[in-house]
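The structure appears below as C-alpha cells.
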Amino acid sequence: MKKLPMALVLLVVFWACRQQPLREDADFLKNLLARDPALAAVLARADSLEVQIIYTMIDRDTANNPTFRTFYYNVDSTHYFYPASTVKLPAVMLALEKLRALNIDSLDVYTPMFHDSVYAGQVSVVRDSTARSGLPSVEHYMKKILVVSDNDAYNRLYEFVGQKAMNERLHELWYRQVRILHRLERPLSRDENAHTEAVRFEKQGRVVYRQPMLVNAPLIEVPEKVFRGTGFIRNDSLIQQPFDFTYKNFFPLTEQHAMLRAILFPETVPLARRFAISDEDRARVLEYMSQLPTETYAPPYATDTTYYDAYCKFLMFGGGRGPIPRGLRIFNKVGDAYGYLIDNAYIVNFDTGVEFMVSAVINTNTDGIYNDGKYDYETLGFPFLKRLGEILYRYESEERKKDVMPEFSGLRFYYDDKDK
C-alpha cells in the first residue's frame with residue numbers, strides 16, 4: 001500500500017485525538033451507569049463478562065453540523081471478542097464500493113447475481129425465493145443483512161468482495177485491527193474460506209460481469225493465538241481445553257463505532273476513512289439499517305411471525321417483542337454468537353431531537369463452555385443491553401441540554417415497501 005502524505009497522517013491523528021473523552025470527564029460514563037443498580041451489578045463483573053461500552057454525545061451548530069464527545073467504559077481494542085454478525089456491515093459497504101469501482105453499464109445493485117461452486121465447500125446460487133423477481137442481487141442481500149441479519153446473504157457478499165480485498169480495503173480505510181476470515185454458519189477450513197465462489201451478473205440473459213474464483217494466497221496468518229473459556233463441545237463430547245478463536249473473525253468495538261460514524265456522518269471523518277460509495281447507496285444502507293421487519297414485504301418479513309419490530313434491536317429493547325414507539329429509530333448492526341452479544345447503534349427520536357451513538361459488547365458464556373448452546377442471553381445479555389440503552393436514552397431525554405435542535409431530513413425514510 002502506498003504511504004500516505006504526512007499532512008493526511010497528521011489530520012487522521014488529530015481527528016482520532018478529538019474523539020477521546022475530556023480528561024475531567026474520564027469517569028463520566030462510569031458514574032452515569034452506576035446510578036442504576038441492575039447495571040451496576042453487571043459492571044461489577046465487567047472484566048469477567050468482557051463488557052465494553054462506547055457512548056458518543058452529539059451536538060449540532062446552527063448549520064446542523066455535528067460535533068462529538070465520546071466516552072469509554074472498559075474499552076480495550078486489543079482484547080478479542082467474537083464479533084458475530086457485526087462483520088456483515090463492512091461486507092455491505094465493500095460490496096457497494098466494488099460495484100461502483102467496476103463502473104460497468106447495466107451493472108448495479110439490482111442486477112441479478114449468481115454464484116457457481118468451483119471449489120470444496122462452495123454452494124451455487126441461481127434463485128432467491130424471497131425476492132420479488134425470484135433472483136438474487138446485491139440490493140436484496142444487503143436488505144436481508146441489515147433488516148434481519150441474514151447469514152447466507154453475508155456469505156454471498158463475502159464471495160463477491162473476496163477475503164483478500166475485504167481485509168486489505170478495511171485496513172486501507174484505517175480499520176487496522178479487523179480480520180474477516182470466514183463465512184458464517186458454514187464450518188470450512190482456512191483454505192476453503194480463502195477461496196470464493198465464481199460470481200456472474202446477468203441482465204436479460206446476458207452476462208454483464210463475470211468474476212472467477214478469487215484466491216487469497218498465502219493464507220492470512222494471525223500473530224498471536226486466541227483462546228477463550230475452559231472447554232467446548234465437539235461431536236457431542238466435552239473437550240476440556242480452551243476454545244480456539246485464533247482464525248475466527250475479529251472486529252474491535254472501537255472500529256465498529258468508528259465505522260458507524262463514517263457511514264452516518266461521512267463529512268466529519270477524514271477522506272481516507274470514507275467509503276467510496278454514492279449518496280444513493282449510502283441512503284439505501286441507512287434506510288435498511290433502520291427498517292423494521294414489520295415494515296418489510298420483500299423479503300416478506302412483515303407476514304412472517306418469526307420477525308417483529310425489535311428483532312435486531314438489542315439496545316433499549318433487548319430484541320423483545322414489544323413495539324418500538326413512533327418517532328424512534330435505531331440505525332444499527334447487532335451480533336450474537338458463542339455467548340457474545342454486540343450492538344453498534346445510532347439512536348434517534350425524530351420528534352424530540354434525541355440522538356446519540358452507543359456500542360456495547362458482553363460475553364454471556366458464564367460457564368466457559370463453547371458450542372454447548374448454553375448461553376445466558378435471556379437472563380443476562382439482553383436485559384443488560386436493554387437497560388444500557390434505556391439509561392442513556394433517559395439521560396439524553398431528561399438531563400442533556402442542547403442549544404440547537406438537530407434537523408433529521410437525511411435520515412427519514414419511507415419504509416413500507418409493500419407497493420414498491
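Note: hydrogens, waters and symmetry copies are ignored here, and every other heavy atom, side chains too, is used. Note that the structure is predicted; figures quoted are calculated from it, not measured. The residues of the chain are indexed from 1 along the displayed sequence.
- Stacking of R69 on the aromatic ring of Y55 is not recorded, the 6.0 Å distance cut-off and the 45° axial limit not both being met.
- The line from CG of D372 to CG of N365 is 6.5 Å long, rounded to the nearest 0.5 Å.
- At a threshold of 4.5 Å between non-hydrogen side-chain atoms, the residues Q291 and F413 do not count as touching.
- Counting non-hydrogen atoms of neighbouring residues, nucleotides and ligands closer than 6.0 angstrom, the CZ atom of R412 exceeds 12 such neighbours.
- A salt bridge between E172 and R169 is present, with a side-chain N of the basic residue lying under 4.0 Å from a carboxylate O of the acidic one.
- Between F250 and Y80, the two ring planes are tilted [angle within 30° to 60°].
- Summarising the local packing, NZ of K248 is surrounded by more than 12 heavy atoms from other residues, nucleotides or ligands at distances under 6.0 Å.
- Between R282 and D279 no salt bridge is recorded (no basic side-chain N to carboxylate O distance below 4.0 Å).
- Taking the side chain as every heavy atom from C-beta outward, N332 and L315 never approach each other to under 4.5 Å.
- Aromatic rings of Y338 and Y340 (six-membered ring for Trp) have centroids beyond the 6.0 Å cut-off, not under it.
- F68 and F265 have their aromatic ring centers within a separation under 6.0 angstrom.
- No more than 12 heavy atoms of other residues, nucleotides or ligands shown are found within 6.0 angstrom of CD on E280.
- With respect to K374 and D367, no salt bridge is recorded, no charged nitrogen being found less than 4.0 Å from a carboxylate O.
- Using a 4.5 Å cut-off on side-chain heavy atoms (C-beta onward), N249 and L184 make contact.
- A 4.5 Å side-chain heavy-atom check between S77 and E255 finds every atom pair outside the cut-off.
- Across every non-hydrogen atom of Y141 and P136, the tightest pair is OH-CB, 3.2 Å.
- Across S85 and K333, no two heavy atoms sit closer than the pair O-CE, 3.4 Å.
- In this structure, R228 is not positioned above the aromatic face of F245 in the sense of NZ or CZ being under 6.0 Å from the six-membered ring centre and within 45° of the axis.
- Residues E192 and R186 are not paired through a salt bridge, judged by the lack of any N-O separation under 4.0 Å between the basic side chain and the carboxylate.
- In this structure, E355 CD and N349 CG are separated by 11.0 Å, a value rounded to the nearest 0.5 Å.
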Subject >> Step-by-step side-chain contact (heavy atoms from CB on, under 4.5 Å) determination, V285 to I263 >> reply: CA-CA 9 Å; V285 169; I263 295 170; 4.2 Å; yes

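- Using modelled atom types, one finds no donor on one side chain facing an acceptor on the other under 3.5 Å when comparing D191 with S189.
- Partner of E159 under the side chain to side chain donor-acceptor pair (under 3.5 Å) criterion, out of R183, H195, Q211: R183 alone.
- Taking the charged nitrogens against the carboxylate oxygens, D150 and R156 have no contact shorter than 4.0 Å, which rules out a salt bridge.
- The aromatic rings of Y154 and Y158 sit tilted relative to each other, their planes meeting at an angle between 30° and 60°.
- Ion pair R394/E390 not flagged as a salt bridge, since none of the NZ, NE, NH1 or NH2 atoms sits closer than 4.0 Å to an Asp/Glu carboxylate oxygen.
- E50 has its side chain out of reach of V361: every pair of non-hydrogen atoms, C-beta onward, lies at least 4.5 Å apart.
- Sorted by first and then second residue, the ring-ring contact (aromatic ring centres under 6.0 Å, His included) pairs involving residues 215-241 (not counting sequence neighbours) are F232-F243.
- Within a 6.0 Å radius of CZ in R190, other residues, nucleotides and ligands contribute more than 12 heavy atoms.
- More than 12 heavy atoms of other shown residues, nucleotides or ligands fall within 6.0 angstrom of atom CD in E399.
- For the pair R329 and Y415, the cation-pi criterion (under 6.0 Å, within 45° of the ring axis) is fulfilled.
- Under the 30°/60° scheme for interplanar angles, the aromatic rings of Y175 and F275 are found to lie parallel.
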